[in-house]
Structures are given as C-alpha cells and as structure tokens.
Amino acid sequence: MKFTAEQIAGILEGEVVGNPMAEVSRLSKIEEGAEGSLTFLSNPKYLNYIYSTKASVTIVNDTFVPESPLATTLIKVQDAYAAFSKLLEYYNQVKLNKSGIEQPSFLSQSVKYGDDLYLGSFSYVGQHVVLGENVKIYPNCFIGDNVVMGDNVILFAGAKIYSETIIGNNCTIHSGAIIGADGFGFAPNPDGTYTKIPQIGNVIIEDNVDIGSCTTIDRATMGSTIIRKGVKLDNQIQIAHNVEIGENTVIAAQTGVAGSTKIGKNGMIGGQVGISGHLTIGNNVRIQAQSGVGRNIKDNEILQGSPAFGYNDFSKSYVHFRNLPKIVAEIEELKKQILNQKNGKNG
C-alpha cells in the first residue's frame, strides 16, 4: 500500500512542507529511515536524525523549525507522537481489512454472520455459531458449537474457541490462544487415581478485551469464567476455571491464576505472578513481577515477594536480605565480645 504525503496530511489534519506527492509504503524509525518510508520526530533526543534521515516523509510538531536543509518532506501536526500513533492504528485497520470466505474452510449451515466476514483457509466454524459485523478469522482457527461473537472481533491464526464461549465487541485474540478448554477438575479416589469432574460451564469475554498469544482461559466447572470489559492479557497466561477478572485490569506474561479467584477492576499484575485459588483480589491492586499471592488482597494494595507482602515493607526488607552475611558476621562478633566480657568477669 502506497500513500502520498498529501493523503497522510489529510488523515492527520496536518500541513505538508516539501513534496506533497512524496510516496511512502512502510514505516520506520527516524534513525533507520529509507526512501519510501514514513517516520516521525517528537523526542528532542533524536533531533539530529532529522537532518540525515533518508525517510521520504517525516511527521513533526508544528513548532519545529529546521536549522539546515532537509531531504525529507515534513508533515506538521500539533502532536507528532499522537499523530503517528493515530496513523499506526489507521494502517493496522487497512492491513487487517480482509473479507470473504477462503477455501478450504468449513462453515456450518446453521452459522449466522454479519457483513464483512473474513474466514481464512483451513478454519472451522461449528453449529449454531453467531458472528457479528466485521469479524476477522484468520487461517487455522477453530470455533466450536454455540459460540457467540460480537462486532469487530479478530481471531489471529491458530486461535481455538471452544463451544458455548461468548465474546463481546472489539476483542482481539492472538495466535495460539485457547478459550474454553476444560478446567483442571479431578476428584481423588481411595486407590490414588483421579476421576475427572465434568466441566459444563463456559467462558464469557466482554467488550474491548485483548488476549495474547498462547494464553489459555478455562471454562467454568459450572457457571462462567468471566473476563470483564477492557481487560488486557499478555502472552502465555493461564486463567483457570471460574476465575473472574475485573474491568480494565492488565496482566503480564506467564502469570497463572488458580480456580475461582476473583480479581477486581483496574489492577496491574506483573509477569510470572502466581495467584492461588478461591481468593478475592481487590480493586486497583498492584502486584510486582514474580510475586506469589496466597491470601485475600484489599483494595489499593501494592505487593511484592513470595509469599507476597506490602511493597514498601518488601523494599525495606530486601536491603537486609542482601546484607544478611554481613549482619550474621556482626552478630557473631558481638556474641564473642559478650562471651569474652563474661569470661573476664568470671576470671
């Protein structure tokens, strides 16, 4: 896809300084700009690159005044960073704007779908599935029976959506994610074996949720595992059966949440955090990376450590953790001095 500086300025409501017909077909960093690329300058740290970049078009703040001649065409806007972000979103929408049903693929006759559906090759859509407007399903996806999806949902290649899952509007699910697999439910037997407990619930994902690659969200034993609106999940996260994650909570990679735990809204959970089952995590909670949580957490707490405790207490204690050998040596020396004093008195 090629765009001229004039077309881009129209999208961004900016002013062209230079060649309005300069064409670009790709994006680049300003220091790596090449002919045919579009870049931007907002951080003064990179100011020198504006005079050497080979990018055909550069977005700059409208306050920018060059101190020497430029080889690049400028587009002046109020906020270069915000404008470039807007352009990235526009570019992404254009790039992902596919439609049509590719073959080979399987679409059950009972499926209902809206306008602008894209179904990639080797995908499977089961019985009684309902798909909203502008749904994009990339190749090798699986969608089980009775799944419901809202508008503007994107499933990238290889995503798997098990039966009865409900997905809201404007959700993105990345490659390799598995939504609705059985929860980890087994009952121990007297002989040491285990009997599987049927998992007959489902998963509900509300609007504006992003789910990263290879993340797994298990169906409930009964009822629903619920991901509330605005939640953002990174790659390689495990969400167990009957978990509920409150709206606008973000969770980083390799975190695991055990069954039936309820996490409040507006939380921030770092990478490699482990959260035990049947807990209640409050609203606005911050959990630092690699923490282990085994107790209920009140609203607005900040935690670190394993087992996790107050962030400020952890930071103070960590100073002593690092100095433990020195502290032990000082204690041993004090013990010797006390012992020598006692021996001196006794003598």
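- Other residues, nucleotides and ligands contribute over 12 non-hydrogen atoms within 6.0 Å of the CZ atom of F314.
- Side-chain N or O atoms of N189 include none that pairs as donor or acceptor with a backbone N or O of G192 at under 3.5 Å.
- Figure legend: cation-pi geometry between K160 and F142 absent, as NZ or CZ is not positioned both under 6.0 Å from the six-membered ring centre and within 45° of its axis.
- Taking all atoms of both residues into account, the shortest heavy-atom contact from G294 to S276 is CA-OG, 3.8 Å.
- Clustering ILVMFWY residues whenever any of their side-chain heavy atoms sit less than 4.5 angstrom apart, transitively, puts I204 in a cluster other than the one holding V209.
- Aromatic rings of Y51 and Y49 (six-membered ring for Trp) have centroids beyond the 6.0 Å cut-off, not under it.
- F122 is not listed as a side-chain neighbour of P139, based on a closest heavy-atom distance of 4.5 Å or more.
- Using modelled atom types and a 3.5 Å distance limit, the side chains of N202 and S224 yield a donor-acceptor pair.
- Between F156 and H174, the ring-plane angle classifies as parallel under the 30° and 60° cut-offs.
- Around CD of Q103, the count of heavy atoms belonging to other residues, nucleotides or ligands within 6.0 Å exceeds 12.
- Taken from CG in N146 to CD1 in I166, the straight-line distance is 10.0 Å, to the nearest 0.5 Å.
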Audit row: M222, I200, side-chain contact (heavy atoms from CB on, under 4.5 Å) steps and yes/no: CA-CA 6 Å; M222 292 186 290; I200 62 172; 3.9 Å; yes
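- Both I8 and Y90 sit in one connected hydrophobic cluster of ILVMFWY residues. Membership requires side-chain heavy atoms under 4.5 Å apart, directly or through other members.
- Using a distance-only test at 3.5 Å, with no hydrogens or angles considered, no donor-acceptor pair links the side chain of T249 to the main chain of V231.
- Summarising the geometry of L70 relative to I50, their closest heavy-atom pair is CD2-O, 3.5 Å, with the distance given to 0.1 Å.
- A side-chain N or O of T221 and one of Q199 form a donor-acceptor pair less than 3.5 Å apart.
- Under the 4.5 Å side-chain heavy-atom criterion for Ile, Leu, Val, Met, Phe, Trp and Tyr, V293 and V250 are members of distinct hydrophobic clusters.
- A donor-acceptor distance shorter than 3.5 angstrom exists from the side chain of E102 to the backbone of S121, with no hydrogens or angles considered.
- Residue N152 is tested with N208, D116, N170 for a side chain to side chain donor-acceptor pair (under 3.5 Å); the sole match is N170.
- Distance CD1/I75 to CD1/I59: 5.5 Å, rounded to 0.5 Å.
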Audit row: I287, Y311, side-chain contact (heavy atoms from CB on, under 4.5 Å) steps and yes/no: CA-CA 8 Å; I287 304 176; Y311 175 73; over 6 Å; no
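- Note: the hydrophobic cluster containing L233 does not contain Y162 (ILVMFWY, side chain heavy atoms under 4.5 Å, direct or indirect links).
- The side-chain heavy atoms of V285 and D299, taken from C-beta on, include no pair separated by under 4.5 Å.
- For the side chain to side chain donor-acceptor pair (under 3.5 Å) with T72, the qualifying choice from T53, N19, T58 is T58, the only one to do so.
- Using modelled atom types and a 3.5 Å distance limit, the side chains of N134 and K136 yield a donor-acceptor pair.
- Taken from CD1 in I227 to OG1 in T215, the straight-line distance is 10.0 Å, to the nearest 0.5 Å.
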Stepwise side-chain contact (heavy atoms from CB on, under 4.5 Å) test for L131 and V129: CA-CA 7 Å; L131 306 174; V129 170; 3.6 Å; yes
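- Of all heavy-atom pairs between N169 and D151, the closest is OD1-N, 2.7 Å.
- Residues Q238 and T216 approach most closely at OE1-OG1, 2.5 Å, considering heavy atoms.
- For E35, the CD atom is loosely surrounded, since the number of other residues' heavy atoms within 6.0 Å does not exceed 12.
- In this structure, the side chain of Q7 engages the main chain of T4 through a donor-acceptor pair within 3.5 Å.
- Side-chain N or O atoms of N242 include none that pairs as donor or acceptor with a backbone N or O of S260 at under 3.5 Å.
- Ring centers of Y118 and Y138: under 6.0 Å apart, within the cut-off.
- Here the closest non-hydrogen pair linking T39 and I30 is OG1-N, 3.0 Å.
- Across all their heavy atoms, I281 and T261 have their closest contact at CG1-CG2, 4.2 Å.
- Remark: side-chain polar atoms of S317 are paired, donor with acceptor, to backbone N or O of D313 under 3.5 angstrom.
- Residues I179 and I211 have side chains in contact (heavy-atom distance under 4.5 Å, counting atoms from C-beta outward).
- Other residues, nucleotides and ligands contribute more than 12 heavy atoms inside 6.0 Å of the CD atom of E133.
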Audit row: K265, E247, salt bridge (Lys or Arg N to Asp or Glu O under 4.0 Å) steps and yes/no: CA-CA 5 Å; K265 60 185 179 181; E247 62 186 64; 5.1 Å; no
Audit row: I143, M149, side-chain contact (heavy atoms from CB on, under 4.5 Å) steps and yes/no: CA-CA 10 Å; I143 300 174; M149 293 186 194; 3.5 Å; yes
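- Counting only N and O atoms by type, the side chains of Q127 and S108 include a donor and acceptor under 3.5 Å apart.
- Under 4.0 Å is where a charged nitrogen must lie from a carboxylate oxygen, and between K86 and E89 no such pair does.
- With N340 contributing its side chain and K336 its backbone, the two residues share a donor-acceptor pair below 3.5 Å.
- Checking N284, N283, N266 one by one against N300, the side chain to side chain donor-acceptor pair (under 3.5 Å) holds for a single residue, N284.
- You'll find the side chain of T193 stays beyond 4.5 Å of the side chain of F186, heavy atoms only.
- Residues I178 and I217 have side chains not in contact (no heavy-atom distance under 4.5 Å, counting atoms from C-beta outward).
- By the 6.0 Å contact criterion, NZ on K229 is open, its count of non-hydrogen atoms from other residues, nucleotides or ligands being 12 or less.
- If you take CD on E244 and CD1 on I263, they are separated by 10.0 Å, rounding to the nearest 0.5 Å.
- For the atom pair T73 OG1 and L38 CG, the distance stands at 11.0 Å (nearest 0.5 Å).
- Counted within 6.0 Å of NZ on K232, heavy atoms from surrounding residues, nucleotides or ligands total more than 12; the atom is thus considered enclosed.
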CA sep, side-chain torsions, deciding dist, call: R219, E164, salt bridge (Lys or Arg N to Asp or Glu O under 4.0 Å): CA-CA 9 Å; R219 70 195 305 115; E164 280 77 44; 3.5 Å; yes
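- Atom CZ of F106 is surrounded by more than 12 heavy atoms from other residues, nucleotides or ligands within 6.0 Å.
- Atoms CG and CG, from L107 and L119 in turn, are 6.0 Å apart once rounded to the nearest 0.5 Å.
- Counting non-hydrogen atoms of other residues, nucleotides and ligands closer than 6.0 Å to NZ of K196 gives a total above 12.
- A donor-acceptor contact closer than 3.5 angstrom is absent between the side chains of N61 and T63.
- Checked for salt-bridge contact, E15 and K76 miss the test: no charged N lies under 4.0 Å from a carboxylate O.
- Put simply, the side chain of V24 does not reach to within 4.5 Å of the side chain of S37, judged on heavy atoms.
- Residue Y81 is not grouped with residue Y46 when hydrophobic side chains (ILVMFWY) are merged at heavy-atom distances under 4.5 angstrom, including chains of intermediate members.
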